[in-house]
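Throughout, residue positions are numbered sequentially from 1 according to the sequence presented. Being a predicted model, the structure only gives us computed values, none of them experimental.
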Amino acid sequence: MDGEKIFVLAFPITISKAPSTIYEYLVPEEYIGFARSLLYQENIPHAVERRDGVTGLIVYAADESDKLENRVGGAKKKQVKQAKLSPDIINRLISSAIRIAFINNGWVSSSSKLYNPDKSEAQQLAKELALRYTAVRIAVDDLGNETKALFIDPTSKIEFIYSLRYIHEKYPQQAEKIDFVKIMGTTVSFYTVKSEVPETNIEYGNVIEKAIETINMFRGTEIDTSLSRKTDNIVYVTPKSVKLSTTLQNRIPGLPTIGKNRVAIPLPMEILTPVGSLDNIALFEKVPILTKPPHERFKQALEILTNTILESVNNVKGMQVSINTQNIIEVPPSSVHLTQIKSKYWKWYPKFEGNSKRVLLVVTSPGNSKRYDRRCSIATDIIKSLAVSCRLLSSPRLVQEIMFLDNLEDILKAYKDYDEKFAILLYDKSLDKEEIDDIIGRFEYKAASQGFYPHELGIETDIDEDDFKRRIPFKIQSIIKDFATRIGAIPNDLNPPSGLEDAYVVGIDATTVSVGRNQIYLGVVVVTVKADNIKDYSVEFKYIDESDIEVLTTIVEDIASRYKKALIMVNKSSIERFLEELEKEKLQNHVIVGISKTHSYSRILASASIKGGAEIRYVNPPRSGVFVELSPTWLKDIRISRYLGVTTNSIKGEYEKGTIRPVIVNIAGNADHKRVLDYIQDLTHYASISTVWLPSIPWPLHKADKLCKKLNRIIKVSNKIPDSSILRRL
């Protein structure tokens with residue numbers, strides 16, 4: 001890739017007029033949502049910070065706010081010079097100014113996105129119950145060469161436009177499966193309480209009114225409290241936010257609880273609507289394809305900026321921002337790190353050796369058509385062939401059973417004397433998503449409980465047979481590779497960075513699951529490399545009914561205490577919280593890495609000439625392992641290196657169907673951080689499905705992420721958390 005030009009979908013920005021004074025307000029945490037809504041009403045850019053030893057939150061405002069002082073109880077103000085602010089706070093003030101410009105042009109702020117609520121330009125989804133709007137994510141940051149950039153990533157925002165009551169009346173079956181809802185017109189989300197709520201003497205009307213008042217204050221919303229009189233269609237919900245749950249519990253005595261820190265509150269179905277998640281859309285129709293080619297994404301980003309905010313961004317109070325939209329930012333070679341990929345990682349094959357007694361069972365679940373049955377037969381023949389060629393089986397001792405899953409457990413018991421047991425479920429991808437999840441969940445639970453390593457393979461019936469035959473071997477190879485990682489039948493020649501040669505490699509992720517009346521945050525730990533650099537696959541979990549960050553922080557501390565040296569990778573876009581809780585001396589022996597695809601940064605692109613070189617188009621980078629350096633941040637005296645990276649690759653063609661979403665990487669610890677990037681990319685290749693596709697996150701996190709999804713399915717069908725012996729097999 002020498003000589004290849006690398007770009008970020010971002011535009012240079014400058015502060016053309018900086019505020020002479022920044023106003024610092026100390027705001028009680030329970031009022032922070034209300035305080036921010038007041039600042040948005042006054043067009044004042046602002047940023048929020050938590051400070052050690054201070055009760056409450058610090059709000060930095062680019063101008064003085066009369067409303068904040070007069071209407072927020074306990075708000076205290078002082079003046080601070082801009083020069084004393086960290087670069088991160090300055091960037092967040094700029095980002096806030098740009099968000100205000102969007103809002104002033106009719107866009108709506110919704111959590112991490114901004115969207116255009118023009119219904120005439122929106123796409124109808126979910127049997128016309130929802131709309132897909134044009135949206136963007138934005139972030140302001142400094143590149144490694146100190147270029148200040150506005151990252152802008154065009155995306156979509158899906159919003160249901162009908163109340164939960166209406167949906168229950170029109171689509172009762174689907175509505176019963178909705179468990180993630182929000183208050184209409186807000187971002188305040190809840191899980192529905194499916195189980196019986198403990199008896200209480202509360203009066204619905206009073207509780208609903210107090211709950212709405214508390215939510216308005218906590219999130220800065222303007223929900224009409226008169227809706228508390230609508231008590232004929234009530235649903236019990238528990239807030240997704242633990243802090244909101246605690247605030248409600250403190251302000252409304254007598255609320256029923258469904259966990260250690262979870263309250264159940266009654267709310268009218270009239271004001272609730274499903275969250276616009278793909279899972280909720282899938283209850284009504286096939287999920288739409290949301291991809292966009294790189295050059296189209298660039299043109300849309302430029303159009304949005306040009307038509308929406310370039311003129312109004314300077315109408316905010318206290319500061320003026322200039323955005324240069326002439327060209328997106330070309331990243332200088334000094335700020336690009338290309339990992340040194342070893343070609344052998346692309347082409348590794350499982351090494352099933354020894355005299356172990358093995359069996360591979362193919363389980364075929366019922367489908368909708370004869371075409372499905374034929375394709376199951378084709379897939380089984382390919383499984384046999386590949387299993388023998390890679391020595392998973394020394395001869396075609398593969399058992400195929402066509403069966404209903406209700407009989408599966410008894411059949412599996414017949415193979416209890418085998419040393420290594422593998423099972424692949426074939427299922428019909430044309431079935432309803434809920435039905436598929438139920439089939440897979442029951443299969444995984446029963447197979448793992450009988451000592452099998454389970455995997456599933458969706459059989460496509462909506463493509464022609466020749467295309468099916470071309471695709472299916474790659475998917476089966478991926479499954480066999482996954483089996484190999486679980487028993488260590490994989491290459492063993494990693495090259496860790498200096499200082500991490502004898503370190504454990506650990507991946508940590510978390511998910512929320514429903515068990516009985518409780519919403520439990522479950523943390524999953526996957527160890528894939530032991531201190532002797534030997535591949536391993538051990539799994540454990542820890543859970544508490546707090547937030548996911550609490551679970552992850554607890555696990556990071558535990559791993560740091562348990563192991564002498566470890567590379568600890570967490571599926572999060574920020575690692576400050578983990579470093580705050582970790583004693584500094586422990587960081588001398590460990591490296592903490594946060595890696596996530598969930599962030600507000602835009603895409604990394606390359607350029608390509610077309611039509612004889614007369615026209616330039618933006619395309620995906622032609623290789624993986626491309627990292628763009630962002631400016632480092634500091635937590636006290638701990639350096640946190642930050643990179644935006646393309647760790648996967650796309651299938652090339654004249655027109656690319658989608659744009660690769662980069663990962664954000666944060667690294668802290670006593671090691672060469674660029675060598676850590678190389679190591680991360682090596683680990684990513686170990687989870688490769690084929691020579692043309694890679695997962696975005698490295699092997700340990702890839703495993704932890706998959707386990708979280710499997711646990712959700714299994715807990716839904718069993719209503720209990722599986723024990724460690726089952727977890728080890730998933």
Side-chain angles (χ1 to χ4, degrees), residues 1-12 134 136-139 141 143-145 147 149-156 289-306 323-341 343 345-346 470 474 597 599 601-630 643-665 677 681 684-685 688-696:
M1 195 168 145
D2 293 340
E4 189 76 37
K5 291 184 176 180
I6 295 298
F7 300 83
V8 288
L9 185 41
F11 297 88
T134 297
V136 292
R137 294 185 182 92
I138 62 169
D141 211 330
L143 297 176
N145 64 346
T147 298
L150 167 62
F151 294 83
I152 177 166
D153 191 27
T155 182
S156 298
I289 297 174
L290 303 178
T291 56
K292 190 183 295 294
H295 201 73
E296 285 186 24
R297 186 177 292 275
F298 155 71
K299 289 195 296 184
Q300 186 180 12
L302 183 59
E303 180 183 344
I304 288 171
L305 278 182
T306 304
I323 305 171
N324 181 355
T325 58
Q326 296 303 306
N327 293 292
I328 64 173
I329 294 175
E330 180 182 345
V331 185
S334 60
S335 292
V336 178
H337 177 70
L338 304 178
T339 59
Q340 301 302 310
I341 300 171
S343 61
Y345 292 151
W346 278 107
R470 283 192 297 269
F474 293 112
K597 287 194 300 181
H599 53 78
Y601 292 85
S602 49
R603 313 300 168 114
I604 297 174
L605 306 173
S607 59
S609 298
I610 61 172
K611 296 180 180 179
E615 183 181 345
I616 297 296
R617 290 183 66 87
Y618 293 109
V619 298
N620 286 310
R623 56 156 282 181
S624 58
V626 180
F627 292 89
V628 173
E629 187 175 1
L630 304 175
Y643 301 88
L644 197 64
V646 172
T647 51
T648 186
N649 57 301
S650 65
I651 298 174
K652 296 295 182 290
E654 183 178 355
Y655 297 103
E656 295 170 290
K657 293 182 179 179
T659 318
I660 296 173
R661 185 163 177 77
V663 296
I664 186 77
V665 183
L677 287 178
Q681 189 67 49
T684 301
H685 280 74
S688 63
I689 281 183
S690 72
T691 57
V692 296
W693 189 87
L694 289 172
S696 294

request  = Could you tell me whether a side-chain N or O of Thr659 sits under 3.5 Å from a main-chain N or O of Lys292, the two making a donor and an acceptor?
outcome  = yes
query = Looking at CD of Gln326 and CZ of Phe11, how far apart are the two atoms once the value is rounded to the nearest 0.5 Å?
reply = 10.0 Å
query = Does the Arg661 side chain pair with the main chain of Lys597, one donor and one acceptor, at a distance under 3.5 Å?
reply = yes
inquiry  = For Thr134, give me all partners under side-chain hydrogen bond (donor to acceptor under 3.5 Å, both in side chains), at least two apart in sequence or on another chain.
reply    = none
note = Between the CD1 atom in Ile152 and the CD1 atom in Ile323, the distance rounded to the nearest 0.5 Å is 8.0 Å
inquiry  = For Glu629, is there any backbone N or O sitting under 3.5 Å from a side-chain donor or acceptor partner on Asn145?
reply    = no
Sub-4.5 Å side-chain heavy-atom contact between Val628 and Tyr601 = no
Thr647 side-chain N/O to Ser696 backbone N/O, donor-acceptor pair under 3.5 Å = yes
request  = Starting at CZ of Phe7, measure out to CD1 of Ile329 and round the result to the nearest 0.5 Å.
outcome  = 11.0 Å
remark   = Taken to the nearest 0.5 Å, the spacing of Ile660 CD1 from Thr291 OG1 works out to 12.5 Å
query = Would you call Val619 and Leu605 a side-chain contact if the rule is heavy atoms closer than 4.5 Å?
reply = no
request  = Locate the shortest heavy-atom distance separating Ala10 from Ser602; write the atom from each residue and the value.
outcome  = N-OG, 4.3 Å
inquiry  = Restricting to non-hydrogen atoms, name the atom on Ile328 and the atom on Val8 that form the minimum distance, rounded to 0.1 Å.
reply    = CB-O, 3.7 Å
ask   = Going from CG on Leu305 to CG on Leu150, what distance comes out if it is rounded to the nearest 0.5 angstrom?
value = 6.0 Å
remark   = d(Ile604 CD1, Ile6 CD1) to nearest 0.5 Å is 7.5 Å
query = Is there side-chain contact between Val646 and Asn620, with heavy atoms separated by less than 4.5 Å?
reply = no
inquiry  = Using a 3.5 Å distance criterion without hydrogens, assess whether the side chain of His599 forms a donor-acceptor pair with backbone atoms of Pro662.
reply    = yes
Flag side-chain contact, heavy atom, 4.5 Å: Leu143 against Leu630 = yes
message = How close do Gly645 and Phe627 get, counting heavy atoms only, and between which atoms?
response = CA-CD2, 3.5 Å
message = The criterion is side-chain contact (heavy atoms from CB on, under 4.5 Å); which residues satisfy it with Pro154, sequence neighbours excluded?
response = Leu9, Arg297, Gln300, Ala301
remark   = Looking only at heavy atoms, the pair that brings Arg623 and Thr339 closest together is NH2-O, 2.6 Å
